[in-house]
Amino acid sequence: MNAVQIYSDGACKGNPGPGGWGAWLKSADSQKELFGGELGTTNNRMELTAVIEGLSALKRPCKVTLYVDSQYVLKGMTEWIAGWKSKGWKTASKQPVKNVDLWQRLDALVSGAGHEIEWVWVRGHNGDPGNERADMLANRGVEQALRAG
């Protein structure tokens, strides 16, 4: 299995507002920058989209170290998702899970693509080179959405 590092980040100018996502994929012999954006979105949707797009870019099962600065994404995938699924995508308070469309896409990628994924939280805007690069890509996604919109 190829080892791949994915740094992901989301950005939003206003919440909701125009947003962007960025992912930087790095392996022993290559790297790839991905980014995009939407006009009417939220920070959490962009954080999720960054991870989805990063994993979707992988062509075969990989050993992935996935770096996120979002506790929402980290806890969602490592603590909350099993309960949401067992309750029919409802929270502990029986409310519908927010961003369920993205959570379901991410869950399908994580469980169906054959990847071994290690989730790692990094403090955002704290000098981590991979996180800073993902943040720059997410902001580029916001700019792209604003130009296109």
Side-chain angles (χ1 to χ4, degrees), residues 1-84 89 91 96-149:
M1 256 190 196
N2 285 5
V4 178
Q5 294 177 311
I6 300 175
Y7 288 86
S8 68
D9 199 14
C12 217
K13 307 302 178 193
N15 197 18
W21 58 268
W24 181 41
L25 289 69
K26 218 170 68 154
S27 67
D29 54 356
S30 67
Q31 47 184 291
K32 185 176 202 169
E33 292 182 334
L34 304 169
F35 63 92
E38 299 173 19
L39 285 178
T41 191
T42 65
N43 190 63
N44 284 341
R45 288 190 69 80
M46 293 294 92
E47 294 282 0
L48 284 164
T49 300
V51 176
I52 289 166
E53 295 293 339
L55 288 172
S56 295
L58 301 175
K59 304 294 184 230
R60 58 178 118 16
C62 295
K63 186 173 175 54
V64 179
T65 307
L66 219 159
Y67 297 91
V68 298
D69 65 4
S70 166
Q71 287 286 335
Y72 175 69
V73 172
L74 181 72
K75 288 185 176 179
M77 288 308 297
T78 60
E79 297 177 26
W80 304 332
I81 199 163
W84 291 340
W89 293 99
T91 65
V97 171
K98 288 182 180 159
N99 305 309
V100 70
D101 57 326
L102 296 177
W103 284 115
Q104 288 173 337
R105 281 178 57 198
L106 182 53
D107 181 47
L109 276 170
V110 167
S111 59
H115 304 304
E116 289 178 20
I117 300 175
E118 177 188 3
W119 296 87
V120 178
W121 182 76
V122 295
R123 184 175 300 283
H125 312 288
N126 205 40
D128 180 284
N131 179 258
E132 296 295 334
R133 191 150 176 189
D135 179 64
M136 178 267 302
L137 291 166
N139 281 298
R140 194 182 295 171
V142 176
E143 293 162 15
Q144 181 185 63
L146 289 169
R147 280 194 308 274

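Side-chain atoms are counted along with the backbone in the values below, which use heavy atoms only and exclude waters and symmetry mates.
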Can you check whether Arg140 reaches Leu137 side chain to side chain, under 4.5 Å on heavy atoms? yes
To the nearest 0.5 Å, atom CD of Glu53 lies from atom CG of Leu25 at 10.5 Å
Please name the pair of heavy atoms, one in Leu34 and one in Gly54, separated by the smallest distance, quoted to 0.1 Å. CD1-CA, 4.2 Å
Heavy-atom check, side chain of Asp69 versus side chain of Asn126, under 4.5 Å: no
From Leu146 CG over to Glu143 CD, what is the distance, rounded to the nearest 0.5 angstrom? 8.0 Å
Could you give the distance from CG (Leu102) to CD1 (Ile52), rounded to the nearest 0.5 Å? 4.5 Å
Does a side-chain heavy-atom distance below 4.5 Å link Val110 with Trp119? yes
Nearest 0.5 Å, please: how far is CD in Glu116 from OG1 in Thr65? 10.0 Å
Quick one: OG1 on Thr78 to CD1 on Ile117, what's the gap to the nearest 0.5 Å? 12.0 Å
Pair Trp84-Thr91, side chain to side chain contact (heavy atoms under 4.5 Å, CB included): steps then yes or no: CA-CA 6 Å; Trp84 291 340; Thr91 65; 4.2 Å; yes
Can you find a side-chain donor-acceptor pair between Asn43 and Tyr72 that sits under 3.5 Å? no
Does any non-hydrogen side-chain atom of Asp128 lie less than 4.5 Å from one of Tyr7? yes
Heavy-atom distance under 4.5 Å between the side chains of Leu58 and Asn2, does that happen here? no
Considering non-hydrogen atoms only, spot the tightest contact between Gly17 and Cys12 and give its length. O-SG, 3.7 Å
Taking all non-hydrogen atoms of both residues, which atom of Trp24 and which atom of Arg133 are closest, and how far apart? CZ2-NH1, 2.9 Å
Is it the case that more than 12 heavy atoms not belonging to Arg105 sit under 6.0 Å from its CZ atom? no
Check: Asn44 and Lys98 side chains under 4.5 Å, non-hydrogen atoms: no
Give the intermediate values and the outcome of side chain to side chain contact (heavy atoms under 4.5 Å, CB included) for residues Glu47 and Asp9. CA-CA 5 Å; Glu47 294 282 0; Asp9 199 14; 3.2 Å; yes
Do the non-hydrogen side-chain atoms of Ile81 and Trp89 ever get within less than 4.5 Å of each other? yes
Got a second to check how far Arg45's CZ is from Trp21's CH2, nearest 0.5 Å? 14.0 Å
Minimum heavy-atom separation for Ala50 to Ser8, with atom names? CB-CB, 3.7 Å
Work out which heavy atom in Pro61 is nearest to a heavy atom in Gly114; give both atom names and the distance. CB-O, 3.3 Å
Check Arg60 against His115 and note the closest heavy-atom contact, atom names and distance. O-CE1, 3.4 Å
Please check: side-chain N/O of Asp107 versus main-chain N/O of Trp103, any donor-acceptor pairing under 3.5 Å? no
Min side-chain heavy-atom separation Thr49-Thr41 under 4.5 Å: no
Are the side chain of Glu132 and the backbone of Gly127 linked by a donor-acceptor contact shorter than 3.5 Å? yes
Asn139 vs Lys13, test: side chain to side chain contact (heavy atoms under 4.5 Å, CB included). Steps then yes/no. CA-CA 9 Å; Asn139 281 298; Lys13 307 302 178 193; 2.8 Å; yes
